[in-house]
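Some notes on the structure that comes next.
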2 protein chains.
Amino acid sequence: MDGFQPPGRLVTLTDVAREAGVGESTVSRVLRNHGSSSKRARERVAEAVARLGYVPNRLAGSLAGPGASAQLAGVIVPSLANVVFPDLLRGLTGALDAAGIRCVIGVSDYDPDREEALAAALLSWRPAALLLTGLEHNPGTVALAKAGGVRVVEMIDTDGAGIDAVVGFSNRAVGAASARHLVARGYRRIAYLGHDLQVDLRAGKRLAGFEAALGEAGLSLHGREIRPGPSSPGSGRAGLETLLARHPDLDAVYFSNDDMALGGYFACLAAGLSVPGRIALFGFNGLDFAAAMPQPLSTVRTPRLEIGRQAAASLIGEGPKRIDLGFELIEGATA
Amino acid sequence: MDGFQPPGRLVTLTDVAREAGVGESTVSRVLRNHGSSSKRARERVAEAVARLGYVPNRLAGSLAGPGASAQLAGVIVPSLANVVFPDLLRGLTGALDAAGIRCVIGVSDYDPDREEALAAALLSWRPAALLLTGLEHNPGTVALAKAGGVRVVEMIDTDGAGIDAVVGFSNRAVGAASARHLVARGYRRIAYLGHDLQVDLRAGKRLAGFEAALGEAGLSLHGREIRPGPSSPGSGRAGLETLLARHPDLDAVYFSNDDMALGGYFACLAAGLSVPGRIALFGFNGLDFAAAMPQPLSTVRTPRLEIGRQAAASLIGEGPKRIDLGFELIEGATA
DNA sequence: AACCGGATTGGCAGCGCTGCCAAAAGCCGC
DNA sequence: GCGGCTTTTGGCAGCGCTGCCAATCCGGTT
């Protein structure tokens, strides 16, 4: 099956043409199923391809083709450690696969300068699109995105103006809805427990929305603990312990996300604090485990997969520039 | 900063050369910092690049260059829903970034045919390397990988022969170590609770190692529940409930991974079963939350990030063909 | 048998870049 | 001021493919 070729030189379309006894253009047309070709030509090409083990070279194809690549999409996410971004990628790759588009990924580590460098690096592959996370970028990143001749989609956050297309939900609205829920349930001494906000700007927007809604109810945060580093159950657990030591009269905690909340739940279990009787917990994201907990976590489910899918759709077909996919407040048993 | 260019045509190296008043080769040499160039030339080129907002076209660069691309790596993972694979990617992208190599990803959904199709698709970008998960592939995938003129690295699993380089650990050994641990702790009526083994072959290997080690101790599985679909805390919780209904005398459960085990732990909490007194739980992966649980989960920590890093290293420099990174049994409080 | 329109085909330029090579420029010491 | 040397430079072919266009083929018509 695998024809041997002089090492270092791979089989080219010209080889296939020679082997099949037809012209290069014919091979090209047959392989791309573009233009007309006879049954006989199709068969001979198919045979030659199989015999030689030909794999087309898309570098060349894209270079020769019309605009540019159009078969790659550059994706920049801030992290892969938070489930949210793999989920986003999952939606993206799933939907783009069908269109034969591959994702080239970059991880910015929440650093705008790295994001800019990655944007330049990804654009150098002449992708069909550049997919960014969030709406806040370096001016240089924006300039690159605009001049790059590619479609640009900013994912997840809709609180602000985008470069081109925007797909996501309002983080501010999530925060506000969460606050209203807690207030409606009668909680009054509510603290916030989060990871680094300077770095995760969307968590900051949720908190802003949360505090605004608290304010509307005549309340304010009763405590606030910002943990350095990324979110994790371990950080959530330690954070809640700190918070309770400082504000023993807390009756509810709003976490920056479910991972932190899970850690908080563990802290309560370990300390024998009843949830939500003694203390209520509210998360964000609606991860898998939230529903499996002995007391399902009260949280907000975000349409992560769907954001990826819609982002993909807005690359392929033309669609609305701005898609707000909303969110769903889950009234669990912890708040 | 961003020079306007006739839409549809991006700035090319020739444009830069004209703008800078030097030859194309000079621009090329300056930009790649390759060969010699005068200070004056370097300055003029830098200015022109900035003025025009030039972004090099790597499609063309790679095509013209020596062998092929060498700036892209094709990565195929079975899933993005399981934390393991994002972690792997994290290690990979982190280490490859420094070398200026980007990852193009493909998600096979545990389907060997999809994997093969993805391998062909990724190879068409003439990557420097192809990174696969596990050692089991279609013959066609293997043929492609061998004929593709690329380095091939198979990640995670070392139980078997690889195409070229292999980086991971022995899943069989993990299973065996887990069984020995449970046996040493005095558990005798041990069940297995996992997700679909046909699909996740590595979980199958762990189970095989587990059963073999049980056999050496004169024991056999006291129950076994295979849940359809992917692993998740929800599935683990439901599965443990089923298992306990069927085998009320169980004293320990080996889970296919920590997600399943977390669900099992939740089931115990919900049912008021003491852990590990009434029932012991043992996981796999050593995820973040395992250590934050009120009773740290007994599990095996796998070097996921490190596998990614080493895989990257074995693309860049030449290294040993086979790297077993081992694993670490964590004696938590649940088994 | 010459003719016609559509289907099929092959040749060739050129996508943007790099490698090669020969030409030009700069530098040194005598 | 002139060889002889190194450094710097630009021209040009060609990477593998696609788009364009003209040439060829085929089947039925007149």
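Below, chain A is the first sequence line, B the second, and so on; all start at residue 1.
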Could you run down the sub-3.5 Å N/O contacts of the protein with nucleotides 14-20 of chain D?
from: dC15(D); atom 1: O2; to: L63(B); atom 2: O; distance (Å): 3.4
from: dC15(D); atom 1: O2; to: A64(B); atom 2: N; distance (Å): 3.2
from: dG16(D); atom 1: N2; to: A60(A); atom 2: O; distance (Å): 3.3
from: dC17(D); atom 1: OP1; to: Y54(A); atom 2: OH; distance (Å): 2.2
from: dC17(D); atom 1: OP1; to: N57(A); atom 2: N; distance (Å): 3.2
from: dC17(D); atom 1: OP2; to: L13(A); atom 2: N; distance (Å): 2.3
from: dT18(D); atom 1: OP1; to: R32(A); atom 2: NE; distance (Å): 3.2
from: dT18(D); atom 1: OP2; to: S28(A); atom 2: OG; distance (Å): 2.5
from: dG19(D); atom 1: OP2; to: R32(A); atom 2: NH1; distance (Å): 2.8
from: dG19(D); atom 1: OP2; to: R32(A); atom 2: NH2; distance (Å): 3.4

Could you write out each protein N or O paired with an N or O of nucleotides 22-26 of chain D at a distance under 3.5 Å?
none

Can you check nucleotides 24-26 of chain C for protein contacts, nitrogen or oxygen pairs under 3.5 Å, and list what you find?
none

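Residues that satisfy the side chain to side chain donor-acceptor pair (under 3.5 Å) test with R202(A), not counting sequence neighbours, are absent from this structure. The side-chain contact (heavy atoms from CB on, under 4.5 Å) search around R90(B) returns L80(A), A81(A), D87(B), L305(B), not counting sequence neighbours. Under the rule for a side-chain contact (heavy atoms from CB on, under 4.5 Å), the partners of D97(B) that lie at least two apart in sequence or sit in another chain are R114(A), L118(A), R102(B). Scanning for side chain to side chain donor-acceptor pair (under 3.5 Å) contacts around S314(A) gives an empty result, with sequence neighbours left out. For D200(A), the salt bridge (Lys or Arg N to Asp or Glu O under 4.0 Å) test picks out no residue, with sequence neighbours left out.
The side chain to side chain donor-acceptor pair (under 3.5 Å) pairs that include a residue from residues 103-113 of chain A are D113(A)-N138(A), where partners are two or more places apart or lie in different chains.
Residue A41(B) is in sugar-phosphate contact alone, with no base atom involved, counting any heavy-atom pair closer than 4.0 Å across all strands shown. Here S36(A) lies in heavy-atom contact (under 4.0 Å) with a base.
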Hey, can you pull the donor-acceptor pairs under 3.5 Å for the side chains in residues 22-31 of chain B, sequence neighbours left out?
from: S28(B); atom 1: OG; to: R32(B); atom 2: NE; distance (Å): 3.3
from: S28(B); atom 1: OG; to: R32(B); atom 2: NH2; distance (Å): 2.8
from: R29(B); atom 1: NE; to: S25(B); atom 2: O; distance (Å): 3.2

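In this structure, E306(B) pairs ionically with R309(B), as a charged nitrogen and a carboxylate oxygen lie closer than 4.0 Å. Here D164(B) pairs with K321(B) in a salt bridge; the nearest charged N to carboxylate O distance falls below 4.0 Å.
Not one N or O on the side chain of N171(B) forms a donor-acceptor pair closer than 3.5 Å with the backbone of K205(B). At distances below 3.5 Å, at least one donor-acceptor pair connects side-chain atoms of R42(A) with backbone N or O atoms of S37(A). Formation of a donor-acceptor pair under 3.5 Å by the E154(A) side chain with backbone atoms of I163(A) is found in this model. No donor-acceptor pair closer than 3.5 Å links the side chain of S79(A) to the backbone N or O of V107(A).
If you check the side chains of R304(B) and T302(B), you find a donor sitting under 3.5 Å from an acceptor. If you check the side chains of H137(B) and E115(B), you find a donor sitting under 3.5 Å from an acceptor.
Within residues 96-103 of chain A, no residue approaches DNA chain C, by heavy-atom distance under 4.0 Å.
Dashed line: the shortest gap from a side-chain N or O of T26(B) to OP1 or OP2 of dT9(D) is not under 4.0 Å.
Each end of the helix from dA1(C)-dT30(D) to dC30(C)-dG1(D) gets its own axis, taken as the rotation carrying the C1' atoms of four end pairs onto the next four within a five-pair window, and the two axes meet at 50° to the nearest 10 degrees.
Taking atom CZ on R18(A) and atom P on dG11(C), their separation rounds to 12 Å, with Å as the unit.
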